[in-house]
Every structure is written in C-alpha cells, then in structure tokens.
Amino acid sequence: MDQEKEWNMELEHFHSCRLFIEKNVKKYEMQASDIQKETEELYREVNSGNTELYNQLIVSSGLAEHTKRQLAKNIAALKQPYFGRIDYRNLSQEKREKIYIGKNGVFKNKTDVLIADWRSPIATVYYENELGTGSYQIPSGQQMEIDLKLKRTFSVQNGELQGYYDSDVAANDELLVQYLSKNKDVVLGDIIATIQKEQNAIIRANPFGSTIVQGVAGSGKTTVAMHRISYILYNYAEKFTSNEFCIIGSNDVLIRYITGGLGELDVYDMKQKRMDSFLCHLLHKEWKKEYQVTGLNSMSHLKSKMDFVRALEHFLQRKRESLIPEKSIIDSKLGVLLSKASITQTLKENPELSMYRLGKLMDERLKARIKFLTHYTDKDEYVKAIREKNKLFQAYFSKDVKGLTSLSVYVEFLIQYAKKRQLDESAFLETVLDHKFHIYDLAALTLIRKRITEKEEDQEFGQIFIDEAQDFGVSIYYAIRKALPKCFFTIMGDVSQNIFYDTGLNDWEELMTEVFTGSRDHFLTLSKSYRNTIEISEFAGSILKHASMGRYKIEPVIRHGLEVMKYEMQDQEQKIQKLSSLVAEIQDRNYDSIAIICKDENTSSRVQEELEVLPEKPMVISNGLKEGFSKGVMVLPVHMTKGLEFDAVILFEPDMKEETMTAAKAKLLYVAVTRALHELHIIEV
C-alpha cells in the first residue's frame with residue numbers, strides 16, 4: 001500500500017474513532033445529569049427523614065461517581081483516542097488482528113473492542129515485542145503465541161492526527177525525544193505512549209511477589225510505580241481493591257506529587273502515608289495520642305541496621321521461651337495435661353504467632369485437655385469439676401503477656417542492649433522514656449508488637465508501594481515485612497540518592513538477602529535516564545563517582561540542551577538579584593516549573609523572603625515546605641526535592657569543592673542536579 005493511501009486510511013479510522021467517542025461523551029453527559037438529579041432528590045428525601053431511601057442514595061451516589069469517571073475518560077480519549085497500533089497473526093487460532101492501543105480502552109459494545117486499554121495483556125506486545133514470532137502472557141499465566149507484522153506509533157495533538165512512525169521498537173527514540181523536549185506537564189500526559197521495555201517489565205511484573213527496583217535519577221521510577229498500580233487494579237480486580245493499596249513516601253510534598261496523577265490512570269481511593277505515619281498506623285492502639293514522632297538522633301544509625309534487628313529478635317525469642325517454657329504441665333489428679341513434646345510441637349508449628357495469640361491458643365488447648373481428661377457420671381459433678389480446673393489453670397499461658405506493652409518490652413531491651421555493648425544507656429532511653437520516638441524506634445516497636453502483643457493478623461494492606469526507598473534503613477523493611485507477611489511490595493529507589501547516608505540504604509544487598517527472600521521476590525534495574533539533557537546528565541555523572549563509586553551509571557536518552565551554567569557573585573544582594581533575573585529569563589522560555597534548591601530549610605526560607613521583597617519579584621513563588629508541589633517557582637531545601645522534577649533548576653550556594661566532597665555530600669548534590677529536565681543553573685557560594 002502506498003504512503004498516501006495508508007495515511008488516508010489512518011485519517012479515516014482516526015476520525016471514525018473520534019466520532020464514536022463523541023457519541024459516548026454525549027451519552028455519559030446525559031446519564032451524569034440524570035443521575036445527579038436523582039441523587040440530589042434522594043439526598044433531600046433522606047435529609048427530610050425518609051431514611052428508608054438511604055441505601056438507594058448510596059447506590060445512586062456510587063453510580064454518579066462511576067458515570068463521572070467514564071465521562072472524564074471519554075473526554076480524555078477524544079483528545080488522544082490512541083497512540084499505537086499492532087498488526088499480528090494469532091498462531092493458535094490462525095487469525096489476523098489489528099489492534100489500536102490507547103490510554104483509555106473504548107468498547108464498541110459489551111464484547112467488541114474499538115481501542116484496547118494500554119493495561120490489557122495484548123498491549124504488552126506494543127511495548128516489548130519485536131517484529132516476527134513471539135508471545136505475550138495473560139494474567140492466568142498462559143502464553144499466547146503470535147507473529148507480529150506491524151508496530152506503529154502515532155503523534156496526536158489536541159485531537160488531531162499529526163503523523164505516525166513504523167518501528168521495530170514502537171516507543172522509539174525519535175518520538176521519545178519529542179515528548180521529553182516538551183515541558184513537564186506535557187511529558188506526564190504523554191508518558192503512556194513512550195513506556196520503554198525495561199519500564200514495562202516492572203509495570204507488568206507478577207503482583208504476587210515483591211519487586212525491588214534500582215533506578216537512576218530520571219529513569220521513571222515514580223511514573224512506573226503509578227502505572228504498575230493502575231495495571232494491577234485493571235488486570236487483577238478480583239484479587240485486589242484500591243483501598244488495600246498504600247503509597248509510602250518520605251515527605252508530604254513527594255506523596256502529593258505521586259498521587260496527583262493517579263486519577264488520570266483510573267486509580268482512586270488509595271491510601272497514602274509518610275513512612276513514620278505508616279509505622280504509627282501499624283502500631284494501632286499501642287500508638288497513644290501523647291506520643292510524638294521526632295527527627296533522627298545520635299543512636300539512629302545503630303537502630304537502622306540489621307545488627308540491631310538481630311539483637312532485638314534474639315531478645316524477643318528469649319522472652320518467648322521464658323513466657324511459654326517447654327516443660328510438661330501436670331495436674332495431681334488428671335495427670336499430664338500438656339506434655340513437653342506437645343508444647344514444643346505447637347511452638348514449632350506457629351513461629352510467627354505473637355506471644356498474645358500463642359498464649360490464647362495454648363490456653364484453649366489446655367481447656368480442651370482438661371475437658372477430655374475429666375470423667376464423672378453425674379453431669380453436674382462433671383461441669384463443676386471442669387469449671388474448677390479451668391479456674392485453677394485460668395490464663396495459664398497468657399497471663400504474663402497481658403501486662404506487657406510494646407513500649408515496656410522495648411525499654412527492657414534497650415537497657416540490656418546498651419549494657420551488653422557498653423553504650424550510654426541514657427542516650428538510648430532519654431527520648432523513648434519521654435514518649436518521643438524517631439522512625440527507627442517506630443520500626444522496633446512495630447516488630448515487638450508483631451512478636452509479643454498482636455491480637456490478630458493485620459490484613460488491611462495487599463500491595464505497598466514505597467518511593468525513594470533508599471531513604472529508609474533495612475530495619476524498617478524488616479519490621480514491616482514481618483508485620484505484613486501476606487502483603488506484596490514494590491520498592492523503588494536509587495542508592496546513589498540516599499541523602500541519609502548513615503541510616504538509609506547505600507546498597508540493596510541486605511534487603512535482598514535478609515528481608516525479601518521469597519521465590520517470587522526479584523530485583524530489577526532501570527539504568528536509562530529520560531529526564532535530563534545530555535549536558536545535565538554528564539554533569540551529574542561527574543558527581544555520581546563520589547556518591548556510589550560509579551556502580552549505577554546513568555545512560556541518558558540522546559537529547560541535547562543548554563550547557564550547565566555557573567555564576568560567581570560578590571555578595572548576597574547580587575546573588576538574589578541574579579536569582580530573580582534567571583527566573584524571569586527561564587519563564588520567558590515558556591517553562592512554568594522552576595525550582596530554587598537550597599542546602600537546608602533555613603536557607604530556603606531566607607531566600608524566599610528576600611525574593612518576595614524585590615520590586616520585580618518572579619511570578620508565583622511558593623514554599624514547598626508549607627504548600628506542597630505546585631507550578632511556578634518553588635523554593636525548596638534539597639532533601640524535599642527527592643522524587644520531584646522541574647523544567648529548570650537553580651542551585652543556590654551549593655558546596656561543590658572537590659577537596660571536601662564526601663559520599664554523603666555528593667549524594668545530596670546529585671539529587672539536586674538531577675531534578676532538572678531542561679536547564680540547570682548554579683549560583684555558587
């Protein structure tokens with residue numbers, strides 16, 4: 001088929017799809033209006049006292065929300081019905097197929113697909129398969145054999161078909177560079193069309209195992225995590241619901257940034273928590289209102305390590321053995337109630353049960369044995385004898401556990417730990433006794449609760465997603481893995497960006513060998529950076545050698561931009577003036593996402609105040625510490641920028657001296673530098 005004929009055919013198909021979607025939009029607009037009126041009427045009736053209609057109101061409200069979402073999806077599909085096409089022969093059925101793939105699936109009717117959803121199993125062919133014979137896997141695990149004849153990628157802007165590319169790799173570099181050259185908002189909107197093979201493998205990885213991902217700065221870790229959530233909910237709806245998913249991050253700015261795009265991916269009602277809040281949540285009623293979460297202290301580096309966890313586990317095992325000794329329980333009249341062998345077997349069969357639950361189990365077994373061994377012909381005598389024996393052995397195993405709390409056990413352990421290692425006992429106990437806990441105290445308390453006081457297994461969560469995972473030490477992962485044994489984890493991070501050098505993760509070794517050791521747990525890497533220009537990537541690479549000895553190197557997508565610019569100013573006033581003029585210049589280049597990154601919170605607050613009083617201050621200045629992520633100009637300390645990205649970044653007074661460059665400093669600087677999509681400017685000390 002000649003090119004003109006092929007182009008006309010594609011244009012005709014594109015317009016026919018848009019006409020069909022336009023009809024859908026009108027249909028859902030009418031439905032939404034009708035359901036909204038019905039819901040409002042039901043609401044008035046219920047408010048006036050007609051409570052019998054309450055259940056009907058709930059159903060109508062749910063239907064209204066569903067219709068609203070369907071309308072939004074079709075409006076989005078109208079702007080870009082699809083981005084890809086695959087032609088293939090199904091080898092098992094000897095059937096030829098032509099499939100168009102879009103961000104939102106569109107059905108002609110209940111069974112026939114007009115546009116396949118990007119999350120559908122067949123769409124993985126577009127992202128991963130080369131031309132020729134191959135296969136794709138459906139959620140049941142079955143492999144579907146195909147012969148791929150065509151992969152086509154479309155360029156669509158504002159509802160108009162601009163062109164297409166035929167390629168062996170559909171999301172090819174030419175199209176990808178086009179997308180990456182745009183501003184940040186456009187990039188996020190088009191990312192589904194350009195998901196790369198290595199990213200797609202993570203998105204579609206088996207959800208019944210834990211996935212650890214080492215991804216260099218700009219490799220799309222956060223984007224991949226969001227798309228993985230959407231993929232799992234779409235393909236495993238019978239196994240998971242969104243309210244058992246939780247996104248965990250290190251700060252509120254990052255969490256808002258991550259979750260802000262989930263609605264576009266058809267994900268709603270997900271839980272989202274900072275790691276400290278999540279650990280408090282896992283403590284349930286043992287976390288008291290008067291307790292406080294504090295920052296790290298001089299002992300945090302010890303408590304973040306596996307050595308501390310091993311010592312705690314050893315202590316808890318000794319506690320278990322003292323509370324439920326492995327010796328026979330003998331009654332003078334009934335004989336052996338429970339033998340040593342029986343108790344030993346029960347302990348062996350239930351290694352993960354808390355002491356509280358184990359004590360309850362053993363008490364029930366003791367009651368059953370008393371009942372079995374008691375023999376009286378008279379029913380009243382029989383009942384009386386059992387009651388007396390049960391009273392004699394009441395809470396035999398659980399009575400000593402009932403008085404324990406996670407905090408009391410933790411204090412006991414800390415005293416013993418400090419003495420054995422000849423450490424300053426007061427340094428370990430000072431804040432804990434004042435009910436002030438840093439994040440590694442919370443991890444220890446979570447593990448103690450699991451081992452000692454847990455009353456029932458926590459089944460609230462099915463899937464946990466942790467972004468910027470390198471911020472947290474291995475003891476936290478150990479604690480939450482033990483606390484949530486039936487939960488699956490997706491852990492995204494970059495050890496080169498660990499800004500908490502003494503406590504966080506500087507490699508993945510212990511996490512893989514000590515915590516996530518299941519047969520379906522696996523480690524993957526993302527080495528290609530899609531964020532930065534070549535110029536910024538090369539500058540970041542020179543810093544990275546100090547941060548991780550070059551272990552995880554950046555492979556940038558070939559996209560050139562401005563050189564990294566450095567400015568030396570004489571005094572503070574000149575620096576602020578230069579900062580203001582730089583922002584204005586960048587805004588003139590139509591970039592509306594600009595970060596001024598400072599070394600700490602005090603500096604960022606001072607810089608913002610000084611910018612605010614300038615006669616010609618930059619437009620839309622916000623402080624991410626107080627207001628969260630926003631467009632315009634954000635002034636942020638470096639530790640708050642992790643996981644974020646901006647069209648342009650201005651580093652304000654960074655310490656870049658080679659002679660004082662430690663691994664810890666380099667990681668902070670590397671984080672700051674790699675936030676920039678297009679431009680990087682440095683106002684030096």
Side-chain angles (χ1 to χ4, degrees), residues 173-191 194 216-220 496-497 528-545 547 553-569 574-599 607 611 616-621 631-636 638 641-656 658 666 668-685:
D173 278 353
E174 183 178 356
L175 181 65
L176 185 60
V177 170
Q178 282 186 26
Y179 285 142
L180 295 178
S181 298
K182 299 175 184 178
N183 69 35
K184 179 181 168 298
D185 284 348
V186 177
V187 172
L188 289 176
D190 292 328
I191 198 69
T194 60
V216 299
S219 58
S496 297
Q497 297 184 64
K528 187 175 285 189
S529 175
Y530 306 99
R531 178 185 296 152
N532 316 124
T533 61
I534 290 290
E535 291 75 15
I536 296 170
S537 287
E538 288 178 350
F539 186 79
S542 67
I543 299 167
L544 186 59
K545 64 185 180 185
K553 294 181 179 177
I554 295 176
E555 298 174 18
V557 169
I558 305 301
R559 178 172 68 92
H560 283 282
L562 295 177
E563 292 293 332
V564 175
M565 301 299 294
K566 295 182 180 181
Y567 311 91
E568 291 185 17
M569 316 305 296
Q574 287 183 340
K575 289 177 184 177
I576 295 299
Q577 289 288 350
K578 183 62 181 177
L579 190 54
S580 178
S581 64
L582 270 176
V583 169
E585 290 170 18
I586 295 167
Q587 288 176 327
D588 285 344
R589 290 192 282 273
N590 294 319
Y591 291 134
D592 58 6
S593 166
I594 303 168
I596 300 167
I597 301 179
C598 307
K599 61 183 178 181
V607 167
L611 283 172
E616 297 179 3
K617 66 180 182 181
M619 296 294 290
V620 194
I621 303 174
K631 289 184 181 180
V633 185
M634 292 189 72
V635 186
L636 287 163
V638 62
T641 65
K642 290 167 62 59
L644 309 181
E645 59 183 32
F646 305 87
D647 290 324
V649 164
I650 305 170
L651 301 192
F652 190 80
E653 297 185 332
D655 181 3
M656 303 183 67
E658 280 281 336
L668 275 169
L669 189 56
Y670 176 72
V671 168
V673 164
T674 54
R675 300 309 94 199
L677 281 163
H678 306 295
E679 295 187 23
L680 175 63
H681 303 265
I682 301 169
I683 297 178
E684 297 187 312
V685 176

Discussion item. Return the CG to CE distance between L651 and M565, rounded to the nearest 0.5 Å.
Written reply: 13.5 Å
Item to complete: Check the pair I596, L582 against side chain to side chain contact (heavy atoms under 4.5 Å, CB included), reporting the backbone distance first and the verdict last.
Response: CA-CA 10 Å; I596 300 167; L582 270 176; over 6 Å; no
Worksheet item: Any chance CD of E568 has more than 12 other-residue heavy atoms, nucleotides or ligands included, within less than 6.0 Å?
Response: no
Practice prompt. Carefully, step by step, assess M656 and I682 under the rule side chain to side chain contact (heavy atoms under 4.5 Å, CB included).
Written response: CA-CA 10 Å; M656 303 183 67; I682 301 169; 3.9 Å; yes
Worksheet, complete the sentence: When every non-hydrogen atom of R531 is compared with those of A676, the smallest separation belongs to CG-O, 3.9 Å
Discussion item. Is the shortest side-chain heavy-atom distance between I536 and V649 below 4.5 Å?
Written reply: no
Worksheet entry | Residue list, salt bridge (charged side-chain N to carboxylate O under 4.0 Å, His left out) with E653, at least two apart or on another chain | K575, R606
Worksheet, complete the sentence: Smallest heavy-atom separation, E535 atom then R559 atom, equals OE1-O, 4.2 Å
Worksheet entry | Nearest non-hydrogen partners of L669 and P654, listed with the distance | CD1-CB, 4.0 Å
Worksheet item: For I586, what residues pass the side-chain contact (heavy atoms from CB on, under 4.5 Å) criterion, not counting sequence neighbours?
Response: R589, Y591, I594, A648, I650, E679, H681
Worksheet item: Counting distance only, does the side-chain N/O of S581 pair as donor-acceptor with the main-chain N or O of K578 below 3.5 Å?
Response: yes
Worksheet, complete the sentence: Here the pair of heavy atoms bringing A217 nearest to N532 is O-OD1, 4.4 Å
Fill in: Residue pair F652 / I576, side-chain heavy-atom distance below 4.5 Å
yes
Response to the item:
Sorted by chain and number, sequence neighbours left out, side-chain contact (heavy atoms from CB on, under 4.5 Å) with A540 holds for I554, Y670, V673, T674
Discussion item. Can you list everything that forms a side-chain contact (heavy atoms from CB on, under 4.5 Å) with T641? Sequence neighbours excluded, please.
Written reply: I597, L636, V638, V671, R675
Worksheet item: Run the side chain to side chain contact (heavy atoms under 4.5 Å, CB included) check on M569 and I683 step by step: do they pass?
Response: CA-CA 8 Å; M569 316 305 296; I683 297 178; 4.2 Å; yes
Worksheet entry | Set of side-chain contact (heavy atoms from CB on, under 4.5 Å) partners for E538, sequence neighbours left out | I534
